[in-house]
Structure formats: structure tokens, C-alpha cells
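Each remark here refers to the structure printed beneath this line.
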Amino acid sequence: MVERAESESRKLLGRLRDTMANETAGQERLDQITHLTADSMGTEVCSIYLFRDEETLELCATQGLKPEAVHQTRMKLGEGLVGRVARTGKIVNTANAPSARGFRYMAETGEEIYSSFLGIPIQRLGEKLGVLVVQSKQAREFIADEIYALEVVAMVLAEMTELGAFVGEGAALRARHTEPVLLRGSTAQEGTAEGHVWLHEPRVVVTNLVGDDPARERARLLEAVENLRISVDQLLAGAVEDTEQVQVLEAYRMFANSKGWLRRMEENIDRGLSAEAAVEKEQSDVRARMSQANDPYLRERLQDLDDLSNRLLRILTGQGVQTGADLPESPILVARNIGPGELLEYGRKLKGIILEEGSVGSHAAIVARALAIPLVIHVKRIQNEALNGDHVMLDGDQGIVHLRPDDTVVTAFRDKMAMQAKAQERYASIRDKSAITLCGKTIRLDMNAGLMADLPSLESSGAEGVGLFRTELQFLVRSQMPKRNELAALYARVLDAAQGKRVVFRTLDIGSDKVLPYMQAQDEPNPALGWRAIRVGLDKPGVMRMQLQALLRAANGRPLSIMFPFVAQYEEYTAARAEVDKAIARESKLGHVLPEQLEIGAMLETPSLAFACKKFYEEVEFVSIGGNDLKQFFFAADRENERVRRRYDTLNVSFLTFLEDIVARCTATNTPLSFCGEDAGRPVEALCLAAIGLNALSMRPASIGPVKHLLRRCNLDDVRTVIHDARDAGEQSVRPAVMEYLRGLS
Ligand code: PEP
Ligand code: MG
């Protein structure tokens, strides 16, 4: 029986392929498929419904229903049995359709006389394209082999849709990947860009769906799986023990050796598919399961399996191996996710980045920010929609992607870019001027950095120095712990490039979201509140000592500024400082030149340090407020959590009052104070920070121009009055009042 069904399915596939090979129009092909399928399955009806827009399905071809209904009958997602299949992505198989949940009678199709209904979603790699239906008068449920055969037809339809085989008149038969699409995501790095799509992992297109010789296809599959196993073993051999990468590779190995996985793909071949189509059918099933899975662990494993199928498809088809030489003009990278190392390899060649997943605090986002490349994350469907080379406009400020934009969008977008370019010119004209306010106060503007690639911005942005050099980036983008000499050489190059401008090196700030690939990750319930930054440095001082030594040697007699991250109490500062003293003693004993000036500061990132004893403020040589962390702890709102991240305004009166208190403590002890969180780079926030007494701000290089421009137009005394009045009036945030003040500026 199974054998008969197998050969039936293979026969059906063979006939489908012949239909496909004909040079016929899209509509004709669809008609032929419905005819052929109904005939092969012995049903009175076979119909194909395709999406005309995201919400509406349209009957595009039928054998058995009234021909006049074609392109006339439409239904919303979820409406009727067909709509139910489309919405849930699940098969509906019933012997008594009229009594089934959700049945909708459609007089124009004459369908009430059919009892049995089998509806299969047409989807390609998780993307919904339509529904394939067979119906018959005889009241019976369809058996597993019939369902399988229809699933295979649906898969062929999906593949052929992707290849443009059904293009015809009307919205439902429009060519795919040709229309303008607007997709929304979240901003991870501001800025706008226009360019062409570069898929980090190009989609594999399977053109050879039918396998005539199952033995040959099985042999191809086995050989590819064997190659896959070898490549996973090689990757594992090269990976560092006890890392997340190893865990993922272990999962890959488990799946690559799984008999069930292989068996399912072999069964697909036995039923008539080619090796690559068999892999893709299995992958589609995995994606369908993934969309239903709520358990995060299960989802992750299914994701691993999905990745593995992609690798297998690449081996089988030889597609998807890219070389840097093929990058289009003004490339905009599109990927599900990307690691910081891979991103650095692309470097400044990229004009923009669009990720389907990603997070604001991810390492890739940090690198994108360092390279000032606009980045939009959480852009659902972008990988399915975009083709290599597609024209794309990326609005990193609003988190919007215009794929294949039409002329109106292109014009509006280019206008916006031109306005931004004008603003840039304005900023360039004040580059060498100070950020001096109308009331005569000068605010020091420094830039944040972390990579060698940042240093040229010191000149171009007009920054006075580097207020925060995030040393962990150098650790994050490597696969191994850097050596002391390497670090010393790198820090020396940073100081050389700064040409005497002050650079504040922040010691290693790892933990929380910043996990080094080569260090065992801690399994902590709340990593942001966990073993991170200075806590790691003091508990396991080896790396900190090595880093301090590298910094002292890099300075080689020049002035040196070191800052410790995440100091929560006075004793942590004194303990860290003692490490510096020890390092100096050691270096001096070894005969190395010591810095001519050394200043040691602390980052104020927890409310506890704000209320530290006066002695702390007296001893510390400077304090820099890490507003990103400080704000998340002040409001108890995770900076990584999209749900709560923006809930509390930086210009909330409680937070500003708290910052004023820190300013007062530093003023009382003459302690230099700066602010180096992301808010320092937002002009309105920067203005308020300056108004409440912060005289030094450190920010992304691209923000220096806009912040300086605004500061030079404002009177801080007036802004301070606006802030205090709003607070006295009981406002929650001073933002509306400050914006009102800004509107009044000439
Ligand atoms: C901060 O917390 O504000 C800060 C500058 O440090 P990071 O963003 O690197 O944690
Ligand atoms: Mg921080």
C-alpha cells in the first residue's frame, strides 16, 4: 500500500514537472495543476488560493468549482476553512466540511455539495503563500498518503511561486520580490542609508524538485550529510571549550547524526522528491513547528535544526558561498543575526544593516554603533522579502525599511537625506569651535570609542578627546583572550592617534550582556545585577593586572587616564586603585617608564555609589556617570528589554533631581564629573544635563555636531529655570517644557 502510494506520489510529481517545463502563462500552469491534482487524487475538486495581500486570499485556479468564481472569490485570513488553514498554517482534513468549525458557505463557488475537505497551507520556509484544497462528494477523511501527496504539490507550488512561475494579471498573481514593501523594526543605531541588499546568507533556491532516481538522490543526500557531519566536527575541534558556541555545535552534531532527521528526508526522496527538495520539505516542517513552539528552549533547538538544514542545502546545491568581491554598490547587509567579528570583517564598506533578530545591546549593535552604520533590528520577514541587489532605503532614526521603494518614497527619503547632509555641513562649520552657550559656559564634548576604527572620528567630529574608551570591544571581537603585548601595542596606537588628546581607558567591562566567547558564561538569573565589570576584575584579578600593565606600557611616559566600570561602593574603588599602585610598583621595578601623569576615575553606574561617603568623592580623581546602567537601576527597567526600555524618560524629574544631587556632591569636593551614557549624545538630553551642571559630556562621534549646535544656541540659565519650573509645577518629565522653550528660539 505504501509502495503504491509512493509511486503515485512520484507519478504525480513527474506529471507536475512536465507541466512546469511547458512555456505556458502563469494562469494556465495553475489551471493545469488543479486539473492534474484532482485527477491524480481522484477528487472532484482541486483549488488553489493565493494571497492577494497580507490579509486576503483569492481563488486563483480551480478544477470542479464554478470557473466564474476564479479571481472573484476572496476571503480574509481566518475566514472559512480555507482562511483557517492559512491563518494557522495547519492542515484541515474533514469528512463533513459543512459541519466543521468555521465553515463558510460561498454560493458563487457551488461548494455546498462537497463533503470532504482537505486543505494544505502553501508555505515556503515559514512564509505563508496560500492554500491548496481538494474536495470530494464522498464523505471520507483523507489518509496519510494522500495528505503527503498533496503536501508535496503544495511544496512544488511554493517553490514555483518563488521562482515566478505563476506570474499573471491581478494582485494574487503578481511577481514576487518586485513590489515596494515597508517593514518596521526598532532602531539600534540611528542614521539613514540608501543602497542595495546584500544577504549575509543568501537564500538557497531549489530549482530541481523532482527526483527520478531515488537511489541516486539518496546517495547524494547521504554524501551531503556525511560532509555536513565532517564540517561540524571540524568546527567543534576548533572551538573553545565551555563556550556557547560549543553548545550550539554540539546540538548541530546531535541533529546531524540523528537517525530520525535522515529517515524523514529519505522518505521524502522515496516519494519522489530530489535530495534538496527533501531537505527543504523537512526544513519547512521544522519551521512550521517552530512557529507553534512557545518553549524558548525548544525554539532554540528548532532554530539549530533550521541552521543545519541551510548548511545541508548549501552543500547540496553549491549555492550561497559568497566572496567579498561580489558586494553591490552601497551594500546594506540583511541577516537574521550577525556576530561582531563577522561585522567587523565587512567593516565600513556597509552603508546599513537590517537584522531580523538582534538586540540593542548586542555586540553586533555595539560594533555597528562604533562604525556609525545605521542599524535596524527586529525587522520581521526581511530575509524572505529581500533579494540580493534590491534597492533599499533604511531609516535608522525611525526603525523603518523601505524595500524596493517607489518614486514617491525615493524622493521623500532623498529629501530627508539631503536635509541631514545640510545639517552635517552646519556641524562641520562649527567643528573647530567650542560648545559655548549663550550664557558663556563652555561644555567639554568628548567622544566614546572602542575600536581603532573609531579614532579617525576624533579629528572629523571635533571631539576634545575620548571620554570613554570601551576596552572590552577588543576582547569581544576576538576568539581568544588577547595577549598583554598585543594590548599594549594597541593602546599605544590609540594614544598615538589621539595626538596628546585625553583618552579615558575604561578597564574591561564584561558580564551582563557582554559575554566573551572564550570565557565560561555564568549561569546567573539576573546577569545585569550579577558578576560583571569591576566585580570580575577584583575577584579574578589576573586579566585586570594584565590590562593595567598593558596600559602603563602603552603610555610609555605619556599621561594616562584609567576608569573602573560599575563601581558600586567606595571599597571597590580603593581595591582597584591598590591594583594600579601594585602595577606601577612592578613596572618601576622592571625599569619601565611610568606615565608622567596618572588619573584614576570611577564610573558611577549604580545609585549606591552616588550616596557613597564624602571620602570617596575626595579621593577619586574623576567620576563619569554611566547613564545607560545608572538609569536602568534607578528605574528598575532593563536596558535590554524592549518592553520597558523606553518607559521612563531620562528627563523624568526624579532622575534629573538625582543627577543634580551627584553634581552637588562632586562640586562640593571639586571632583571632575562627566556623563558618558548614550543620553549625552541626544541634543535635548545633553542640553538638560548641561543645564543641571554637567560640564563634560562624552558621546558617539556623530552626536558631537548636533549637540554642539544646540548648546551654542541656548542659555543654560533659562533652561535651568524651565526645568525647575516644570518640576515645581509637578510635571513628570521636563521634556514638554524644554521642547516648548526650544520652539521659542529664533
Ligand atoms: C553606561 O552604562 O552608561 C556606559 C557608558 O557603559 P556601557 O554602555 O558600556 O555599559
Ligand atoms: Mg555601563
Side-chain angles (χ1 to χ4, degrees), residues 187-190 340 359-371 375 445-451 454 463 465-477 503-516 526-537 547 561-568 572-573 576 601-610 622-641 645-646 648 650 655 658-659 662 673-682 685-686 689 694 696-701 703-704 707:
T187 297
Q189 161 69 18
E190 287 97 350
S359 85
V360 186
S362 69
H363 311 149
I366 294 172
V367 172
R369 244 169 266 152
L371 297 173
L375 165 64
L445 301 186
D446 286 308
M447 67 172 228
N448 295 345
L451 299 168
D454 293 324
V466 178
L468 166 67
F469 190 90
R470 290 180 160 107
T471 61
E472 64 275 8
L473 291 195
Q474 293 300 332
F475 287 73
L476 281 169
V477 297
V503 179
V504 179
F505 289 97
R506 171 174 81 181
T507 61
L508 195 57
D509 182 12
I510 49 160
S512 189
D513 65 306
K514 300 173 195 155
V515 182
L516 298 185
N526 287 306
L529 306 176
W531 199 55
R532 52 178 291 202
I534 191 75
R535 299 171 181 178
V536 181
Q547 201 184 15
S561 305
I562 298 176
M563 174 161 81
F564 291 106
F566 211 66
V567 177
E572 283 172 348
Y573 175 73
M603 279 190 83
L604 197 160
E605 304 187 85
T606 63
S608 63
L609 194 69
F622 64 93
V623 169
S624 190
I625 296 176
N628 307 336
D629 274 313
L630 186 64
K631 193 175 145 195
Q632 80 165 335
F633 298 123
F634 187 76
F635 288 110
D638 187 344
R639 65 193 261 192
E640 293 295 309
N641 182 336
R645 199 165 81 74
R646 288 181 216 273
Y648 305 100
T650 306
F655 193 52
F658 177 50
L659 295 178
I662 300 169
L673 175 67
S674 64
F675 188 105
C676 65
E678 298 301 313
D679 286 320
R682 303 194 170 100
E685 280 82 340
L689 292 173
L694 278 144
L697 305 171
S698 190
M699 63 199 73
R700 294 185 291 125
S703 295
I704 293 199
V707 167

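Both ligands and their constituent atoms are indexed starting at 1 by order of listing. From a predicted model like this one, the values you see are computed outputs, not experimental measurements.
- Annotation: atom 2 (O) of ligand 1 to nearest protein heavy atom, Glu605 OE1, 2.8 Å.
- With Asp446 contributing its side chain and Gly465 its backbone, the two residues share a donor-acceptor pair below 3.5 Å.
- Of all the heavy atoms in Ser698 and Leu468, the pair that sits closest is OG-N, 3.7 Å.
- Residue-and-atom listing of protein N/O/S atoms under 2.8 Å from the Mg ion (ligand 2), sorted by chain and number: Glu605 OE1, Asp629 OD2.
- Put simply, the side chain of Leu630 reaches to within 4.5 Å of the side chain of Pro607, judged on heavy atoms.
- No heavy atom of Lys631 sits closer than 4.0 Å to any atom of ligand 1.
- Checked against side chain to side chain donor-acceptor pair (under 3.5 Å), Ser703 has no partners two or more places apart in sequence or in another chain.
- Ion pairing between Asp629 and Arg532 holds under the 4.0 Å rule for side-chain N and carboxylate O.
- Considering backbone and side-chain atoms alike, Glu678 places every N or O at 3.5 Å or more from each N or O of ligand 1.
- Asp509 places no side-chain N or O within donor-acceptor distance of the main-chain N or O of Glu472, the cut-off being under 3.5 Å.
- A distance of 6.0 Å or more separates the ring centres of Phe658 and Phe635.
- The minimum heavy-atom distance between Asn448 and Cys676, with the atom names listed, is ND2-O, 3.3 Å.
- Selection from Asn628, Ile625, Asn448 by nearest heavy atom to atom 4 (C) of ligand 1 gives Asn628.
- Within ligand 1, the atoms closer than 4.0 Å to a non-hydrogen atom of Asp629 are 1 (C), 2 (O), 3 (O), 10 (O), numbered from 1 in the order shown.
- Residue-level proximity to ligand 1 for Leu630 is absent, since no heavy atom of it falls below 4.0 angstrom.
- Closest to atom 10 (O) of ligand 1 among all protein heavy atoms lies Arg639 NH1, 3.0 Å.
- Scanning the protein heavy atoms around atom 6 (O) of ligand 1, the nearest turns out to be Arg506 NH1, 2.9 Å.
- The backbone N or O of Glu678 sits nowhere less than 3.5 Å from a side-chain atom of Arg700 that would complete a donor-acceptor pair.
- When heavy-atom distances to ligand 1 are checked against a 4.0 Å cut-off, Gln632 has no atom that comes that close, whether in backbone or side chain.
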